[in-house]
**Student:** 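Take this structure, written in structure tokens, and hold onto it; I'll ask about it next.
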Amino acid sequence: MGAIIIFIQKAIGQGVCILYGANGEILTEKSGNLNLGVPGMMYMGGIAGLAAAFLYEKGVAVPNASVGFVLALLAALLAGALGGLIYSVLTITLRANQNVSGLALTTFGVGVGNFFGGSLSKLSGGVGQISVATTASAFRLKVPLLSDIPVVGDVLFSYGFLTYFVVVLSVYLSWYLNRTRQGLCLRAVGESPATADAAGINVSLYKYLATVIGGAICGLGGLYFVMEYSGGTWTNNGFGDRGWLAVALVIFARWRPLNALWGALLFGALYILYLYIPGLGRSMQEIFKMLPYLVTVVVLILTSLRRKKEDQPPESLGLHYFREER
Amino acid sequence: MKDVNAIELRNISKRFGKVVANDQINLSVRNGEILAILGENGSGKTTLMNMISGIYYPDEGQIFVNGEEVTIRSPKDAFPLGIGMIHQHFKLVDVLTAAENIVLGLSGPTRLDITAVATRISKLAHKYGFDIDPFKKIYEMSVSEKQTVEIVKMLYRGANILILDEPTAVLTPQETDRLFAVLRNMRDDGNAIIIITHKLNEVLALSDRVAVLHKGRYVGTVETADATVALLTEMMVGKKVELNIDRPDPVNPETRLVVKDITCVNKDGVITLNHASFTAMGGEILGIAGVAGSGQRELLEAIAGLTPKESGEIDYYPPGQPMREISGLSAVEISRLGIKLSFVPEDRLGMGLVGPMDMVDNMMIRSYRKGGFFWADRRSPRTLAEHIISELEVATPGVSTPVGKLSGGNVQKVLVGREISSAPAVLMVAYPVRGLDINSSYTIYRLLNEQKKRGVAVLCVGEDLDVLLALCDRILVLCDGRVTGVVDARTATKEQVGLLMTHTERRPGDGKADSRRA
């Protein structure tokens, strides 16, 4: 029983991170931008949140957890948005290749994260591991009262703010995309920018906003990992391949935030499954770690076999739009 | 309202570079009237309408809407004036429903109440007799359903001046009848409707007045009640222009290609070639005339093996060899037999040449199979490229310049030159002089004539009747995928060919099963 509860908790912990990335990328891809910079933007969000909290905790005598919380949150959002903005300027305004720009953003973001993560304490005169325990405690605050209920409390109410927020975000995004005028316009931009343009929709504005906000959401994924998952510490490359899992989850979820919600849980569970199966050798562990990707491949094969239009990526995903180029 | 002109154009002119697309055009359409704009390809019909809908801006002249002078700089300016244009290529998002497409881009409350939208669509549909399912996805729709969505989209946005660009080009006869019924309902409701077409029977069946354009000039407007096919044809094709194109008499023409009863159906299920039969002779130029989209492209592609046939047979008589049936052969095998296609599409480079590659590489597209076991032969294509440059006077810095950088005429010379170089027995060219200046055009005519003298059967699809009448020996006329006649180009008149081109009267039993694949 106890092992199962811990497994569920850990699976959710893995899933939240991936789900932030997937939600950000769904929003971005719905505008027709294939931003492969997800891992980079997550790193940027994570390190920015950590740096903000660290500098704040260093700077004041008695750090207040709530202030640290707000500062870290803002920093992560801004850093993620900055990643999205870099990508937008490159691909929308300068019409650079989307794949190359995205991969470059990933390389850049990972580098920024590792550089500042590794040298932050040194830069500010400290030694050893950075830790922002005070701020992290605010992120790790469980739901009061409810989390004390046995079993149910552990499974459902033992997480911090960012875990619950991502659930709300998925539901909201799904509603936004499918039930609002703006969502309709955004989908039209990603499917057929020329049609959207003819209908009087500002294509570039939609692409910019979706990509920048998508980047900010990815940034929260990094913040979650640093604060709630790792408890306010940094390990270089500790983030692993969660960013790529997020991109895989977008495909797995067939560009639907609600699918991503349960898909993230599945991915999280598959990602750590190897730890809970006794007697696995190292090589078998690596094979188990492949499971989320394998599932994605299977979904890809199945959806392409069924050839349903709704399950396909937005039609002009990865393409530029330039009005005069008809 | 009948007395007020919904739209009035005064002295509208539009030039694209040196080409005058519209020259001092005066035109008006009243409320509660259907005006047909009739003209050949390239007569400036679409350009003129694009100026009303805001896609182009006129160089000269004034536009009045409901009696007031207006400035229309973009489609966004046209919407509030109630002007809606339905283009030949629909602007719809495939994965969205009809209702979502119709409401796309309109402002309103954040939450989109799609049920309310659907109710309003159904009301509009009921009012004018449309058949539309608001919740059907566009990709599940037939061409005519998509067109309906486009029309409803305009009406939903409050358009009362509707412009339709060749709306029947993609429809079956039954769908055309339904569309006409709807358009009449809309006219009776006081809307002004402009329909661009080159089909005479439709003009006579639908419109109240006809305005005729010819080569960018306004010829005149007649009441449809007073119009006859002969009158409209004469207005449309204009006076014959004498061209000084060399036309040697055919020497010993012999049967080269016999096309028997071929029928083609495109992926939308529309018949593109309808039981077409004809014979092409070696040593003569057979012109193929017809309004755009009458099946010219399909005819050439069917012979070249690029378009699958539903039925029919093509027999090939190679010089000095026994007859071969080529219907079932692949495009490569047909090409190897000496039947070459040189198709010049609207964008010239789209088919046949690769823009970023240089001339040598483009020559190799045809010859790479001839190389050795592993390495391709680059020397002979280079020689060929150099030969084409000197023979056809291609203006290029050298063989290694990407062909996409050359001017249109030179690109065409490269394309035609490459096909000719393989010493074909049948040479098919489509729109070989499209967009070329006079000198380049004459070079191409000379090339075709040289092939003819060599005993090649030349098939030439053209759009300028004057050129076809001056260049070809015989002219085959296509209309709606059917061969409506083969005339002797030396004696035929322009009106005669024009009449055959618009020979679209419908036969009685043209049922749905007949015109579409069951």
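Chain letters run A, B, ... following the sequence lines, proteins first, then strands; residues in each count from 1. Reckoned from all heavy atoms, side chains included, excluding hydrogens, waters and symmetry mates.
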**Student:** Is Ile114(B) close to chain A through its backbone or its side chain, or both, or neither, when contacts mean heavy atoms under 4.5 Å?
**Tutor:** neither
**Student:** Need one label for Ile201(A): side chain, backbone, both or neither, based on atoms under 4.5 Å from any heavy atom in chain B.
**Tutor:** side chain
**Student:** Do the side chains of Arg181(A) and Pro109(B) get nearer than 4.5 Å, heavy atoms only?
**Tutor:** yes
**Student:** Please say whether more than 12 non-hydrogen atoms of neighbouring residues, nucleotides or ligands are located less than 6.0 Å from CH2 in Trp175(A).
**Tutor:** yes
**Student:** Is Lys309(A) salt-bridged to Glu140(B), going by a charged N under 4.0 Å from an acidic O?
**Tutor:** no
**Student:** Nearest 0.5 Å please: distance from the OG1 atom of Thr195(A) over to the NE2 atom of His89(B).
**Tutor:** 12.5 Å
**Student:** Got a second to check how far Gln182(A)'s CD is from Arg111(B)'s CZ, nearest 0.5 Å?
**Tutor:** 15.0 Å
**Student:** Against chain A, work out which of Asp94(B), Asp113(B), Val103(B), Leu112(B) has the most heavy-atom pairs shorter than 4.5 Å and name it.
**Tutor:** Leu112(B)
**Student:** Has Tyr293(A) got more than 12 heavy atoms of other residues, nucleotides or ligands less than 6.0 Å from its OH?
**Tutor:** yes
**Student:** Checking Leu96(B) against chain A: side chain, backbone, both or neither under 4.5 Å from a heavy atom?
**Tutor:** side chain
**Student:** Please determine, among Glu315(A), Gln312(A), Arg187(A), the option with the most heavy-atom pairs under 4.5 Å with chain B.
**Tutor:** Arg187(A)
**Student:** Can you see which heavy atom on Cys185(A) is nearest to which on Leu104(B), and at what distance?
**Tutor:** CA-CD1, 4.0 Å
**Student:** Hey, could you give me the CZ/OG1 distance between Arg179(A) and Thr110(B), rounded to the nearest 0.5 Å?
**Tutor:** 15.0 Å
**Student:** Measure distances from Phe79(B) to the heavy atoms of chain A and classify the residue's part below 4.5 Å as side chain, backbone, both or neither.
**Tutor:** side chain
**Student:** Please classify the contact of Ser107(B) with chain A as side chain, backbone, both or neither, using a heavy-atom distance under 4.5 Å.
**Tutor:** backbone
